Amino acid sequence: MKPIRMVPLLSVSLLCAPALAGAQTCFRGRPLPTCKTFWITESGLGTRVNRGPGGASADLFATLEIGRMSNRSDRTALGATVLVGVGDQISSSTDVMLGFKPRYRHWLGPTTSLELSPGVFYSVVAGRVGLTAHAAINLADRVALTGQVLAARSAISGLTTRTDVGWYIGGKLGAWPGVAAAIVVPVVFCIVLCGSVD
């Protein structure tokens, strides 16, 4: 099965299975005993800190991640998200990435946590599969400071390929701010693009 076809199946499994978990499902994450399971709704933006394929060093990478997590103890949560990303990671033009990322969260307190999330993505324009991972410090599940890496093989010419690794620093909005950003940002982006075309 092609990677791009696996994303909808993973999405259904991810979103439907935790619904059977029962009570104490929260929209914004909290450790036990407040929440058993909780949603992840994040909109993020990062800037590349190393040089990209075209020599640029300031490429942006915008993301939207939706998923669920389950508290396994008062300090640990496990889960996963599906990812939609937009940026210039692999090809010289803007590309769309679809991905799947397991997540591990360590609660530092009632509202603060550290998070690690490795995963895979599929580049729609370049037609390639790559690896991704991020580390984050979450503040009240509304704001997060993030570091992220994307790595994929890309063609240079003919049979010659190289591995492009992009390092990004940035931030994310979660819970209702994340949902609002996921709605507002694409609208603003479309307005700017339409204005530039005219």
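The analysis underlying the following values was restricted to heavy atoms, covering all of them including side chains, and did not include hydrogens, waters or symmetry mates. Values in this document were obtained by computation on a predicted structure and should not be read as measured data. Throughout, residue positions are numbered sequentially from 1 according to the sequence presented.
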Any donor-acceptor N/O pair, Asp95 side chain to Val125 backbone, under 3.5 Å: yes
Side-chain (Thr163) to main-chain (Ala152) donor-acceptor, under 3.5 angstrom: no
Any pair counted as salt bridge (charged side-chain N to carboxylate O under 4.0 Å, His left out), so long as it reaches residues 105-124, sequence neighbours left out: Arg103-Glu115, Arg105-Glu115, Arg105-Asp141
Close side-chain approach of Phe27 to Val179, heavy-atom, < 4.5 Å: yes
Atom pair CD/OG1 of Gln24 and Thr34 - distance to nearest 0.5 Å: 8.0 Å
Ala140 backbone acceptor or donor facing Arg28 side chain under 3.5 Å: yes
Point-to-point distance, once rounded to the nearest 0.5 Å, from CG of Leu139 to NZ of Lys172: 13.5 Å
Pi-cation contact, Trp39 with Arg68 (under 6.0 Å, within 45°): yes
Minimal non-hydrogen separation, Trp107 against Ala77, with atom names: NE1-CB, 4.0 Å
Geometric class of the Tyr168/Phe61 ring pair [parallel <30°, tilted 30-60°, perpendicular >60°]: tilted
Side chain to side chain, Tyr104 and Leu114, heavy atoms closer than 4.5 Å: no
Contact check, side chains of Ile169 and Thr47, non-hydrogen atoms, under 4.5 Å: yes
Donor-acceptor pair, side chain of Gln148 and main chain of Trp167, under 3.5 angstrom: no
Donor + acceptor pair across side chains of Thr37, Thr25 (<3.5 Å): yes
Check: Ser117 side chain, Ala133 main-chain N or O, donor-acceptor pair, under 3.5 Å: no
N/O donor-acceptor pair under 3.5 Å between Ser113 side chain and Leu108 backbone: no
Side-chain heavy atoms of Leu98 within contact of Val84, under 4.5 Å: yes
Sidechain-backbone polar pair: Thr81 side chain, Glu65 backbone, donor-acceptor under 3.5 Å: no
Residue pair Ala151 / Val165: nearest heavy atoms and the distance that separates them: CB-CG2, 4.0 Å
Distance-minimising heavy-atom pair for Ala182 and Ser43: N-OG, 3.3 Å
Closest approach of Pro31 to Pro110 (non-hydrogen atoms, all atoms of both residues): CD-O, 3.3 Å
Separation of Cys26 SG from Met69 CE (nearest 0.5 Å): 13.0 Å
4.5 Å side-chain heavy-atom contact, Lys101 and Thr132: yes
Residues Asp74, Lys36: salt bridge by 4.0 Å N-O rule: no
Gap separating the OG1 atom of Thr63 from the CD atom of Glu42, nearest 0.5 angstrom: 7.5 Å
Nearest non-hydrogen partners of Leu131 and Phe121, listed with the distance: O-CE2, 3.4 Å
Within 6.0 angstrom of Ile137 CD1, more than 12 heavy atoms from elsewhere: no
Spatial distance of atom OG1 (Thr112) from atom NE2 (His106) [nearest 0.5 Å]: 11.5 Å
Closest heavy-atom pair and its distance - Cys35, Asn71: O-ND2, 2.8 Å
Verdict with reasoning, Leu173 to Val143, per side-chain contact (heavy atoms from CB on, under 4.5 Å): CA-CA 5 Å; Leu173 297 176; Val143 179; 4.2 Å; yes
